[in-house]
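Every chain is numbered from 1 and lettered A, B, ... according to where its sequence line falls, protein lines coming before strand lines.
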2 protein chains.
Amino acid sequence: MSNNADEIALVQSLKRRELSVGPGELLIQEGQSEASLFTLLTGWAYRFKTLSDGRCQILNFLLPGDFIGVQQKMVAVAAHGVMSLTSARLCVFQRDALWELHRQSPTMGFNVTWLSAREESLVDEGLLSVGRRSAAGRISALLILLFKRAAGRQLDGGVDGVPFPLTQQHIADALGLSLVHTNKTMRKLERAGLYRIEHARLHILDAAKLMTLADIYDPINSRMSTSRPLV
Amino acid sequence: MSNNADEIALVQSLKRRELSVGPGELLIQEGQSEASLFTLLTGWAYRFKTLSDGRCQILNFLLPGDFIGVQQKMVAVAAHGVMSLTSARLCVFQRDALWELHRQSPTMGFNVTWLSAREESLVDEGLLSVGRRSAAGRISALLILLFKRAAGRQLDGGVDGVPFPLTQQHIADALGLSLVHTNKTMRKLERAGLYRIEHARLHILDAAKLMTLADIYDPINSRMSTSRPLV
DNA sequence: CGAAATGTTGACTATATTCAAGGCAAGTGG
DNA sequence: CCACTTGCCTTGAATATAGTCAACATTTCG
C-alpha cells in the first residue's frame with residue numbers, strides 16, 4: 001500500500017462510526033481500561049489528570065484533526081481523562097486500529113508516531129510554562145499558542161480572531177494557577193491592550209508584547225549558547 | 001519480517017556507531033537541526049528547555065533503554081535540548097532509522113509509537129506535579145517515580161537502593177522550584193525519615209508516606225468519579 | 001424570569017523566591 | 001602535604017508571587 005488514495009481507504013476501513021457529543025462530556029475516564037481510539041473531526045477537547053481532592057491539571061488541548069487515546073491504547077489503563085470543551089464530532093476507530101495502521105501502511109504508522117511526538121512537544125511547552133514562567137507569561141504563552149494552532153486551521157489565518165471556548169477555569173487548570181489569580185492577571189493583560197476575547201473569539205492585539213512576556217524562544221533569531229552540540 | 005531475531009538484526013543494521021560521553025555533556029542542542037536518533041545503552045540523561053534568561057526546565061529523565069531524539073526527527077528543528085547526567089554510552093542510529101524501522105517492520109514501528117506514548121505519559125505526570133502539587137508533593141512524586149523506573153532495571157528490584165545521580169539543582173529544575181526551596185523541603189522529608197540519599201544512591205524508607213504526600217492516584221484501588229465514560 | 005455558571009474585585013494568608021552567608025567534600029597545583 | 005578552588009549542600013531573613021476566602025456583578029440558559 002503506497003499511494004494516498006489507498007491510505008484514505010485504509011483509514012476509512014478502520015473507522016467504526018461517528019459520534020456527536022455536547023460540551024463538557026467525558027470521552028475517556030481516568031483509569032478506564034479498553035478506551036477507544038478517536039480522532040476529533042470538529043470541536044475542541046482536552047486531556048487532564050486529577051488529584052484525589054478533585055483539583056485538575058489540563059495536560060493539553062485537542063483541536064480538530066488530533067488523535068485521542070493513542071496513549072490509552074498503549075498502557076491498557078488510561079492515565080488521564082479526556083473531556084470535550086465544545087460540542088464535537090468524533091471518528092471512532094476499531095479497537096486494533098493503531099496496530100492495523102502500522103501493519104498495513106508503514107507511512108501511516110510513521111505519521112502516527114509523528115503526531116504522537118508533536119503532541120508530546122505541546123505538553124513540553126506546557127511544562128515549561130507551568131514550571132518557569134510567571135502567571136502573565138503563562139497566559140501570554142497559552143494565548144499565543146492556541147491562537148496559532150486555531151488560526152492554522154482557518155482560511156483567513158485568524159485576522160478576525162479564532163474561536164475560543166475556554167473558560168477562565170480551564171485556563172487556570174491548564175496553567176497550574178488559581179481561578180482568582182488567573183482572572184486578575186488576564187484582566188491586567190486585557191486592560192493593557194494585549195488581547196481581547198469577545199463572543200467566544202480570541203483576538204491578539206499585541207503579539208510582540210505577548211511574546212516578550214512569554215519569553216518565547218525563537219530558534220531562528222537567536223542561539224542561546226555558544227557550546228556546540230555533540231553530533 | 002516477523003520474528004524476534006530479525007527485529008534485532010534490523011536494529012543492528014540501522015546502528016551506525018557507539019558513542020561514550022562524560023557527565024554533563026550536551027547531546028542535542030535546543031534549536032539544532034538535523035539531530036541524530038540515539039538510544040541510551042548505559043547512564044542517565046535528561047531533556048530540557050531553557051528561557052532566554054538561562055533558567056531551565058527539565059522535561060523528563062532518560063534511563064537506559066530510552067530513545068533520544070524521536071521528536072527532533074519529527075519537527076526538523078529540536079524544540080528541546082538533551083544533556084547527559086552521568087557518563088553514558090549511546091547507540092547512534094543512521095538518519096532515516098525511524099522511517100526504516102517503520103518501513104521494514106510494522107512491529108518495531110508500533111513499538112516506537114508505544115515508547116513515544118509512554119514518554120509522553122511521563123511528561124504528563126511531571127506537568128501534574130508542577131501544576132498542582134506542593135513542593136513536598138512534587139519531591140515525593142519524583143523520588144517514587146524515579147525509584148520505580150530505576151528499580152525496574154535492576155535484578156534486586158531496588159532493595160539496596162538505586163543509583164541517583166541528580167543534584168538538587170536538577171531536581172529544582174525538574175520540579176519548577178528554586179534551589180533553596182528544594183533543599184529546605186528535601187531536608188524536611190529526609191529528617192522525617194521518608195527517604196535517604198547516600199553515596200549517590202536513593203533509598204525509599206517510607207513509601208506509603210511519600211505516596212500520600214504525592215497524592216499518587218492508584219487506579220486499582222479507587223475510582224475518582226461515579227460518572228460513566230462515553231464509550 | 002429565575003437559576004446557575006462564569007467573571008470580577010478586595011483583603012488576608014500561605015507558599016515559594018531571592019539574597020546572603022557559610023559548610024563540607026573532592027580535586028588541583030604548589 | 002597543604003592551601004586553594006570549585007561544586008554542591010544548608011540555613012536564616014526579607015520579599016514577592018500566588019492562593020484562599022468572601023462578596024458581588026454579569027452572562028447564559030432553561
Side-chain angles (χ1 to χ4, degrees), chain A residues 22-25 51 53-58 83-87 129-143 163-192 195-202 213 215, chain B residues 22-25 51 53-58 83-87 129-140 142-143 164-192 195-202 213 215:
Chain A
E25 279 197 58
L51 292 175
D53 62 3
R55 282 178 310 154
C56 157
Q57 176 66 42
I58 291 180
M83 184 167 272
S84 64
L85 207 49
T86 65
S87 57
S129 260
V130 173
R132 288 292 172 226
R133 288 199 251 250
S134 68
R138 294 180 208 185
I139 288 169
S140 302
L142 180 71
L143 292 179
F164 195 78
L166 312 199
T167 67
Q168 294 187 347
Q169 183 66 63
H170 293 125
I171 296 175
D173 286 343
L175 300 181
L177 295 168
S178 71
L179 175 61
V180 172
H181 195 57
T182 300
N183 176 278
K184 287 174 180 171
T185 310
M186 287 186 72
R187 295 292 350 258
K188 215 175 295 174
L189 299 187
E190 197 173 11
R191 272 196 294 263
Y195 76 94
R196 198 178 65 227
I197 292 175
E198 230 168 29
H199 313 303
R201 292 186 73 81
L202 168 66
L213 275 172
D215 191 10
Chain B
E25 280 196 57
L51 292 176
D53 62 3
R55 282 179 309 155
C56 157
Q57 176 66 42
I58 291 180
M83 184 166 273
S84 63
L85 206 50
T86 64
S87 56
S129 259
V130 174
R132 287 295 173 222
R133 287 197 251 251
S134 68
R138 295 180 207 186
I139 289 169
S140 301
L142 180 71
L143 292 180
F164 194 80
L166 313 198
T167 67
Q168 293 186 348
Q169 184 66 64
H170 293 124
I171 296 176
D173 287 343
L175 300 181
L177 295 168
S178 70
L179 175 60
V180 173
H181 195 56
T182 299
N183 175 278
K184 286 175 180 170
T185 310
M186 287 187 73
R187 294 293 350 260
K188 214 176 294 176
L189 299 186
E190 197 172 11
R191 272 196 295 261
Y195 77 95
R196 199 179 64 227
I197 293 175
E198 229 167 32
H199 312 305
R201 293 185 73 81
L202 167 66
L213 275 172
D215 191 9

- prompt: Would you call B:D215 and B:R132 a side-chain contact if the rule is heavy atoms closer than 4.5 Å?
  reply: no

Within residues 165-182 of chain A: residues closer than 4.0 Å to DNA chain C (heavy atoms): A:T167, A:Q168, A:V180

message: Whether B:R187 contacts D:dC9 is assessed here as follows: a side-chain N or O lying under 4.0 Å from the phosphate OP1 or OP2. Is that the case?
response: no

- prompt: Does a side-chain heavy-atom distance below 4.5 Å link B:L175 with B:L142?
  reply: yes

task: Would you classify B:T185 as touching base, sugar-phosphate or nothing, given that sugar-phosphate means primed atoms plus P, OP1 and OP2, and contacts are heavy atoms under 4.0 Å?
output: nothing

- prompt: Can you check whether A:G24's main-chain N or O pairs, donor with acceptor, with A:S84's side chain at less than 3.5 Å?
  reply: yes

message: My understanding is that only residues two or more places apart in sequence, or in another chain, count here; which of them pass salt bridge (Lys or Arg N to Asp or Glu O under 4.0 Å) with A:R196?
response: A:E198

- request: Please find the earliest and latest nucleotides of DNA chain C, in the 5' to 3' direction, that have an atom within less than 4.0 Å of any heavy atom of chain B.
  value: C:dA16 to C:dC19

field: Rounded distance in Å - CG (B:L85) to P (D:dC8)
entry: 11 Å

task: Mind checking side-chain hydrogen bond (donor to acceptor under 3.5 Å, both in side chains) for B:R55 and listing every partner two or more places apart, or none if nothing turns up?
output: B:D53

query: Is the backbone of B:H170 close enough, under 3.5 Å, to the side chain of B:T167 for a donor and an acceptor to pair up by distance?
result: yes

Using nucleotides 25-30 of chain D, report all nitrogen or oxygen pairs with the protein that are shorter than 3.5 Å.
none

message: Between the base of D:dG19 and the side chain of A:K184, is one N or O donor paired with an acceptor at under 3.5 angstrom?
response: no

query: If you look at every heavy atom in B:V130 and B:G176, which pair is closest and at what distance?
result: CG2-N, 4.4 Å

message: Would you compute the distance between atom CG of B:L202 and atom CG of B:L166 and round it to the nearest 0.5 angstrom?
response: 9.0 Å

- prompt: Taking the side chain as C-beta and beyond, is there a heavy-atom pair between B:T185 and B:R138 under 4.5 Å?
  reply: no

Euclidean distance, atom CZ of residue A:R133 to atom C1' of D:dA18 [Å, nearest integer]: 18 Å

field: CD1 on B:I139 to CG on B:L213, rounded to 0.5 Å
entry: 10.0 Å

query: Of A:K188, A:Q169, A:Q168, which meets side chain to side chain donor-acceptor pair (under 3.5 Å) against A:N183?
result: A:Q168

- prompt: B:Y195 side chain to B:S140 main-chain N or O, any donor-acceptor pair under 3.5 Å?
  reply: no

Donor-acceptor contact present, side-chain A:Q57 to main-chain A:A174, <3.5 Å: yes

task: Could you check how far CG of B:N183 sits from P of D:dG12, rounded to whole Å?
output: 11 Å

task: Please work out if B:R191 contacts a base, only the sugar-phosphate, or nothing of the nucleic acid, heavy-atom cut-off 4.0 Å.
output: sugar-phosphate

Axis bend over the full length of the helix from C:dC1-D:dG30 to C:dG30-D:dC1, computed from five pairs that close each end, to 10 degrees: 40°

